[in-house]
Every structure is written in C-alpha cells, then in structure tokens.
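Working notes, beginning with the structure itself.
Letters A, B, ... are given to chains in the order of the sequence lines, protein chains preceding strands, and every chain is numbered from 1.
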There are 2 protein chains.
Amino acid sequence: MAVDREQVLRSAAALLTRKATATMDEVARAAGISRATLHRHFAGRDALVRALESLGIAECEAALEEARTDEGPAAEAVRRLVRAMEPSAALLAFLYTENQLFEGEEQNEGWARIDAAFTELFRRGQESGEFRIDLTPAWLTEALYGLLASGAWAVAEGRVARNDFTHMIAELLLGGALRREEP
Amino acid sequence: MAVDREQVLRSAAALLTRKATATMDEVARAAGISRATLHRHFAGRDALVRALESLGIAECEAALEEARTDEGPAAEAVRRLVRAMEPSAALLAFLYTENQLFEGEEQNEGWARIDAAFTELFRRGQESGEFRIDLTPAWLTEALYGLLASGAWAVAEGRVARNDFTHMIAELLLGGALRREEP
DNA sequence: CCCACATGAGACAGTCTTGTCTCATTCAGG
DNA sequence: CCTGAATGAGACAAGACTGTCTCATGTGGG
C-alpha cells in the first residue's frame, strides 16, 4: 500500500536518464503509481528533481566515504572512487545535464563539497608526483563527471559492455589512450 | 533585411547549449528576430534542431577533413582533430545531449559516418601500437564526444580557461592523468 | 519615386503539461 | 468484521508553448 519513496526515485532516475523531458505522468507510470500519488509524495516536478539531486549528492558522498580517497596512492583512490560511483552513474548523468538548466539559480551546496573532495584528490595526486601537473584538478574533476555520464549513456545504448564500465572510465581517466612504455 | 540563416543557427546553438529547453521565442530573441520570422525560416522546433544537427554534422566532417586523420601518427591526428573541432564543441555538446531524447527515432546517418571515421582513427592507433588495446575504439570515440561536451560546459562556466580547451581535452584523452616516466 | 517583399507585432486556436480536487476502491491493522 | 488511511481514476482550470494567420511597417531594388 504505502509507496516506497526510494523506489520511486530510482525508477524516476532511470527514466529521466533516458528521457530528460519525461512528463510527471510518464514518471508516475514508470514507477507503477498514479500521477495523483506521485504528486502526493513530490509537490511538483521541481521537488522531484530536487529530491533526485539530494539522492545523487548522498550517493556521491557515500561513494567518497567508501573509496577513502585520502588513503593510499591517488591512482588507486581514483579507481576505488569510480568503482564506488558506478551504481550512481546514470543518476549523475541526468543531474549533470539537468544542472546546465539551472541558469541563474544557485546550485545545491552539496555539490560544492563533493567537487572539493574530488579536486582535493587530484591535487593530492599532483603533489605526490603521481599525476601530471598540466591538467588542472578542476578539469580532471569535470572530466570525471563527463566520463561517468558518457559511460552511463554508452552502456545504456549498448556501445560499451556493462562489465567494462569501471575499467573503461578509470583507465582512460588515469592513463589515456596512449600505450605505456614497458618498464 | 534578409535574415542570415547561418547566423540564426549560430545564436540558436549558443543559446540552446546553455539552456536546452529554450522556447522558440527565446531562440528568436537571441537571434535578434521575431518569432514569426524564425518560423518562416524553420518550420518548427523539430526543423530547427534538424538544421542544427546538419550544421553539426557538416562541421564535424569539415574537421575530419581538415585534421587529415588518416595521415601521420594517430596521436598527432587526434590532437589535430580536437583542435579542428574546438569551434564546434558547444554545438556538439547540445546535440550530444539532445540525441539522448531521440528515443526510438533513427538518428541521422551522418553521425554513423563520423563515428566510423573516429573509430577508424583509434583502431589505426591501436594497430600501429601507439594506443593501448584494452580501451575499445567505440569507447574512445564516446569519450571524445563526452570530453568535448564537458570541456565546452567547463569553459562556458569559467571552470577552465578557453585557451586551454584543446590541450586539456587532447592530452587527457591521449595521456590520462598519470605522469609519464621520463624516457 | 514606387513597388514588391521581408519583417515585426500581435491575435488566435489548439495542444500539452501541470497542479488540484473529488470520489470510489483497496488494503492493513485493530 | 470494521474502520481509516492510502491509492487510482478521472475531471477540471490554469498556464505555457506552438503553429498559423493578419496587418502594418519600412526597406531595397528597379
């Protein structure tokens, strides 16, 4: 009887990732509930997107926690981080493009904390000598978001195998396309 | 008097990149013309997007031509390609996300040719031993689109300097974040 | 100078989406 | 079994956007 708010958000995220302009009615159907019930739980489309944003922020923070990005070699930390974020990639892909629409409005402060943590990880890698210094931490953070989104879409459309997701993203971000010289 | 169709498409691309849901009225105002005139030149929103898609395809093909991707080392070809695509990055960023909406509809065949050329470039790099083989050409192609879009947004929001655009994208795609051992 | 043509401004109906409301139904717990 | 709360279905008005139309303007070419 009682609607599972979490499950509604999950299916909404899955749908909106595929079709960002889906109507409230489509979101409701995707969640297997009526539009009226959807409105009872989320005051409107804005509230729904805000709730998805909160969910995304919470998952990112959980991933940061789980990956322990301040421990060990930065490269390994990045790999752990990508692996921890994989389940959230589709949601982040939606939020990443949705954020482009928030023209003037200030964005949720949660993102600032997450961006700071990402940036700090890349900065730490540069300081330790692991990472090159000609690519700014801000750009590496941006690229991580972009690659996660690209990866989520590529998987959704069958262009990349789901099992390769973590490897493709982490290794491209870390090592790039060029072949390494054998040591 | 006569409206410059090209200039209208340019300003539409610039606006839609920032705000993908802009109305026909906003697009018209951004181009400095009335909504009626915009409708006289593009039958509707669909036609406008199609025209933008054609423009994007034409620019990609021009960039491929200019970069001569079948000549010289693959890595250098990728650098030339990114440099040639830089002016189109914002438009591509819009089309990249817009394509996510074309659920069922078949996509323009032009993209297939462009994807094929990109993929062939990465495949050539793998064959020559320049590129690693654990990242598939399809994923590298996807990542190139994603990084171009991320770069365009990062520049638009001031998180990356416009002058660094080409370097940031090409070098991340090729070399990744890890520092190379000195030879 | 004059005319044809492109444009701007605005009106208009049609459609889609939203947000709210009502009412009947169903389900769980007492 | 009974009651209350949550849900589904549907109606409804309001608003936004679209696509089309008309009419006045003014501008460039003949």
Side-chain angles (χ1 to χ4, degrees), chain A residues 1-56 91 93-95 97-105 108, chain B residues 1-56 91 93-95 97-105 108:
Chain A
M1 199 172 186
V3 162
D4 180 354
R5 180 187 164 98
E6 181 84 6
Q7 179 267 331
V8 171
L9 283 177
R10 295 283 167 197
S11 62
L15 172 61
L16 289 171
T17 297
R18 291 198 312 272
K19 186 179 176 187
T21 59
T23 66
M24 292 294 274
D25 192 64
E26 291 174 299
V27 171
R29 286 177 194 283
I33 63 178
S34 71
R35 195 165 69 93
T37 301
L38 180 60
H39 267 285
R40 287 189 188 102
H41 286 266
F42 303 96
R45 191 189 178 75
D46 278 1
L48 178 64
V49 173
R50 295 302 169 95
L52 284 170
E53 190 175 33
S54 296
L55 179 62
L91 174 56
F94 164 67
L95 295 173
T97 57
E98 192 76 3
N99 266 343
Q100 308 300 339
L101 303 182
F102 288 172
E103 272 203 278
E105 312 172 37
N108 192 310
Chain B
M1 197 176 189
V3 163
D4 181 354
R5 180 186 165 99
E6 181 84 6
Q7 180 267 332
V8 171
L9 283 177
R10 295 283 167 197
S11 63
L15 172 61
L16 289 171
T17 297
R18 292 197 310 274
K19 187 179 176 188
T21 60
T23 66
M24 291 295 274
D25 193 65
E26 290 173 299
V27 171
R29 284 177 194 285
I33 62 178
S34 72
R35 195 167 68 93
T37 300
L38 180 61
H39 267 284
R40 287 188 188 104
H41 285 266
F42 303 97
R45 191 190 178 74
D46 279 0
L48 178 64
V49 173
R50 295 303 168 96
L52 285 171
E53 191 175 31
S54 296
L55 179 62
L91 173 58
F94 164 67
L95 294 174
T97 56
E98 191 75 5
N99 266 343
Q100 308 300 339
L101 302 182
F102 287 173
E103 271 204 280
E105 313 173 37
N108 191 310

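Between R5(B) and F42(B), some side-chain heavy-atom pair lies under the 4.5 Å cut-off. At least one side-chain heavy atom of M24(A) sits less than 4.5 Å from a side-chain heavy atom of L48(A).
Residues S11(B) and V8(B) share a closest heavy-atom pair of OG-O, 3.1 Å. Taking each heavy atom of L95(A) and L52(A) in turn, the nearest pair found is CD1-O, 3.7 Å.
Remark: L16(A) CG to R45(A) CZ distance equals 6.0 Å, nearest 0.5 Å.
For dG8(C), the OP1/OP2 oxygens have a side-chain nitrogen or oxygen of S34(B) closer than 4.0 Å. Applying the 4.0 Å criterion to OP1 and OP2 of dA6(D), one finds that H41(A) has every side-chain N and O outside that range.
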Inset, instruction - Mark up nucleotides 16-23 of chain C, 5' to 3', with B wherever a protein heavy atom is under 4.0 angstrom from a base atom, S wherever such an atom reaches only the sugar-phosphate, and - elsewhere. - result: -SBBB-B-
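Salt-bridge check for R29(A) with D25(A): passed, with a basic side-chain N closer than 4.0 Å to an acidic carboxylate O.
Atom CZ of R29(B) is separated from atom P of dT18(D) by 13 Å (rounded to the nearest Å). Protein atom CG of L38(B) is 15 Å distant from nucleotide atom P of dC17(D), rounded to whole Å.
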